[in-house]
Amino acid sequence: MNHTYHKAEKLKSKKLIEALFSEGKSVSAYPLRMVYIKTHFEDDIPCKVGVSVSKKRFKKAVDRNHIKRLLREAYRLNKWDIFNNIDEQYAFMILYIGKDKLTFHEINDLSKKLFSKFLKHIHKD
RNA sequence: CAAGUAAAUCGCCUUAUCGCUCAGUUUUCUGGGAGGAAAGUCCGAACACCGUAGUGCAAACAUAGUGGUUAAUAGCCACCGGCCGAGAGGUUAGGAAAAGUGCAACAGAAAGAAUGUACAGGUCAUGCUGUAGUGAAAUCAGGUAAACUCUAUGUGGUGCAAUGCCAUGUAUACCAUCGUUUGAGGGCGGCACGUUCAAUGUUGGAGGGUAGGCAGCUAAAGUUUAUUGGUAACAAUAGAUUCAGAUAAAUGAUAAGGCACUUUCAUAAGAUUUCUUAUGAUAUGUGACAGAAUUCGGCUUAUAGAUUUGCUUGAAAC
RNA sequence: GGCGUCUUGGCCGAGUGGCUAGGCAGUGGUCUGCAAAACCAUCUACAGCGGUUCGAAUCCGCUAGACGCCU
């Protein structure tokens, strides 16, 4: 049960991302929003994840990079909450739709909330 | 000591835990991992491609005191001149108005064409001379070239999403139209010459595919120390050194301690209410600007706080 | 990453270096029994900072913002 987030766990395929945004479903816990889709990967990884911050809301590259790092950190520490409760493979993307910067602790709590919401949604289906 | 001015430097640190990325080793370890501006993309190059871009004309753009420096520049250095400042110093697109064309609102008699108001002087007589008045500018070879222009010099274009290779796919296809070996039409992004392609033709319509990987990609006009030459920019020689390479895009998060600044309080000293300095405590306080993307050299812009040095002015003491 | 274009009142939109047009909207009035229309008046601008010039929305730099292109 290691808290890693290396290259293979990142969502990189352009086709898959386009499919995600056109066909995927979403859950949100403001200022976080998550878009997800059920899919199948070649390698044995439960989820592939990407993060995104709008350039319109944060003009400076420093701010965008910092928020993305915090989002990745939060995912890394909480991902086993998801892994232990799903049977199929998923691709999803976490978006930051707020306008103000938050601290790590706030983002961490919000991520936990977001993931539990996500699990509720997929178990309903 | 106060105020100012010029230049240079640093721009949070340490430890622990959990991670990211590259390289090596090979199966879990070792080592490297943002900046002075990495930014803006404003100049100059390297490098790559465009059928090697030839000659003449025209156009467009850029530069503009003199000398030096550099791979190169519109950068930098020194000096001369102009403007600002009491000074140290700052700033300066600073060729030509006797080649030509244009422009000058309002005011004013009059704005480049000649005339003319008031007063005074002068003359045989007359703007002939001076002063006043308007204006940024009023007769002076006038002003204005960041107005056109002229002079001198320079410039082919596009940019690493350049470009090459591999994989996948494939269309020199289809429909309509135009034209022809008596040279249509196209390339050399304006024209002419010249040259070259020319049924695998031109123009239009409708439509399909890729958007993955590798190279380019980091050892270079590199960084740094010393000496020598030069007022300086800079150059030469010798030694040392290897220092990011991602691609939905690494360099972070958490905890503790320290450092700097700020707030408030206390004590002491100096002096006038109040202020200054020093020491200690205090707070969930603050720690700027900002994130490599082909690579260098400059310029410009942003920047909390701290440090050092030269010079100027003023005051006091010796 | 690279290359380019634009910015004039609340909105649209003209403007050869000489007090920044015009329309719509807003506000106040005239008219009306009340409103609409019409008429009159009024308010609000050259993205910001420097430079050239007697004088800059206009010419020249720098900065900010908005938008487009590349495969």
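In what follows, chains are A, B, ... by sequence order, proteins preceding strands, each numbered from 1.
Between B:rG44 and B:rG90, the distance separating the two C1' atoms is 28 Å to the nearest Å. Nucleotides B:rU303 and B:rG291 have their C1' atoms positioned 15 Å apart, rounded to a whole Å. On the C1' atoms, B:rC77 is 48 Å away from C:rA45, given to the nearest whole Å. For B:rG95 and B:rG310, the C1' atoms lie 39 Å apart once the distance is rounded to whole Å. The separation of B:rU225 from B:rA255, taken at their P atoms, amounts to 40 Å, rounded to a whole angstrom. One C1' atom belongs to B:rU180, the other to B:rC197, and the distance between them is 15 Å to the nearest Å. Taking atom P on both nucleotides, B:rC299 is separated from B:rG75 by 10 Å, rounded to a whole Å. B:rU151 and B:rG35 have their C1' atoms separated by 47 Å, given to the nearest Å.
Comparing atom distances between the A:R72 side chain and each of B:rA290, B:rA250, B:rU254 picks out B:rA250 as nearest.
Going from atom CG of A:N65 over to atom C1' of B:rG252 covers 11 Å, rounded to whole Å. Taking atom NE2 on A:H66 and atom P on B:rC289, their separation rounds to 13 Å, with Å as the unit. Protein atom CE of A:M34 is 21 Å distant from nucleotide atom P of B:rA248, rounded to whole Å. Between A:L70 atom CG and B:rU254 atom P the separation is 7 Å, expressed in whole Å.
Taking a pair to require two hydrogen-bonding distances under 3.5 Å in either a Watson-Crick or a G-U wobble arrangement, C:rA57 remains unpaired. Using the Watson-Crick or G-U wobble rule with both distances under 3.5 Å, B:rA290 pairs with nothing in any strand shown. A 3.5 Å limit on both hydrogen-bonding distances identifies B:rA256 as the Watson-Crick or G-U partner of B:rU14. Judged by Watson-Crick or G-U wobble contacts below 3.5 Å, the nucleotide B:rU203 has B:rA176 as its partner. The nucleotide B:rC83 finds its pairing partner in B:rG90, both defining distances of the Watson-Crick or G-U wobble pair being shorter than 3.5 Å. With a cut-off of 3.5 Å on both Watson-Crick or G-U wobble distances, the partner of C:rA66 is given as C:rU5. Pairing for B:rC243 is absent, judged as Watson-Crick or G-U wobble with the two contacts each under 3.5 Å. Base pairing of B:rU284 is not made with any nucleotide, judged by Watson-Crick or G-U wobble geometry with both donor-acceptor distances under 3.5 Å.
The closest side-chain heavy-atom distance from A:L95 to A:V51 is not below 4.5 Å. Between A:L32 and A:L114 there is a side-chain heavy-atom pair separated by less than 4.5 Å. Side chains of A:E9 and A:K79 form a contact here, defined as non-hydrogen atoms less than 4.5 Å apart. Looking only at side-chain heavy atoms (C-beta outward), A:F92 and A:K48 stay at 4.5 Å or farther from each other. Contact of the A:Y90 side chain with the A:P46 side chain is not registered, since no non-hydrogen atoms from C-beta on lie closer than 4.5 Å.
Residue contacts shown for A:R64 are absent, as no nucleic acid heavy atom lies under 4.0 Å away. Residue-level contact check: A:K60 touches the backbone only, with heavy atoms under 4.0 Å from sugar-phosphate atoms and none from bases.
Syn is the classification of B:rC243, since its glycosidic angle stays within 90° of 0. B:rG127: glycosidic angle within 90° of 0, hence syn. In this structure, B:rU218 shows a glycosidic angle within 90 degrees of zero, which is the syn conformation. With a glycosidic angle no more than 90° from 0, B:rU284 adopts the syn conformation. For B:rG133, the glycosidic angle deviates from 0 by more than 90°, giving an anti base.
Where A:D63 and A:R69 each meet RNA chain B at their nearest nucleotide, the meeting point lying more 5' is that of A:R69. Between A:V49 and A:T103, it is A:V49 whose nearest contact on RNA chain B lies nearer the 5' terminus.
Atom CZ of A:R76 sits about 8.0 Å away from atom NE2 of A:H3, to the nearest 0.5 Å.
When hydrophobic clusters are built by joining Ile, Leu, Val, Met, Phe, Trp and Tyr residues whose side-chain heavy atoms come closer than 4.5 Å, directly or via intermediates, A:F104 is grouped together with A:F58.
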Open item on the list: I need a per-nucleotide contact map over nucleotides 14-26 of chain B, read 5' to 3'. Cutoff is protein heavy atoms under 4.0 Å; write B for the base, S for backbone only, - otherwise.
Closed with: ----BSSSS----
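The local environment of NZ in A:K113 is sparse, with at most 12 non-hydrogen atoms from other residues, nucleotides or ligands closer than 6.0 Å.
At distances below 3.5 Å, not a single donor-acceptor pair connects side-chain atoms of A:Y96 with backbone N or O atoms of A:R33.
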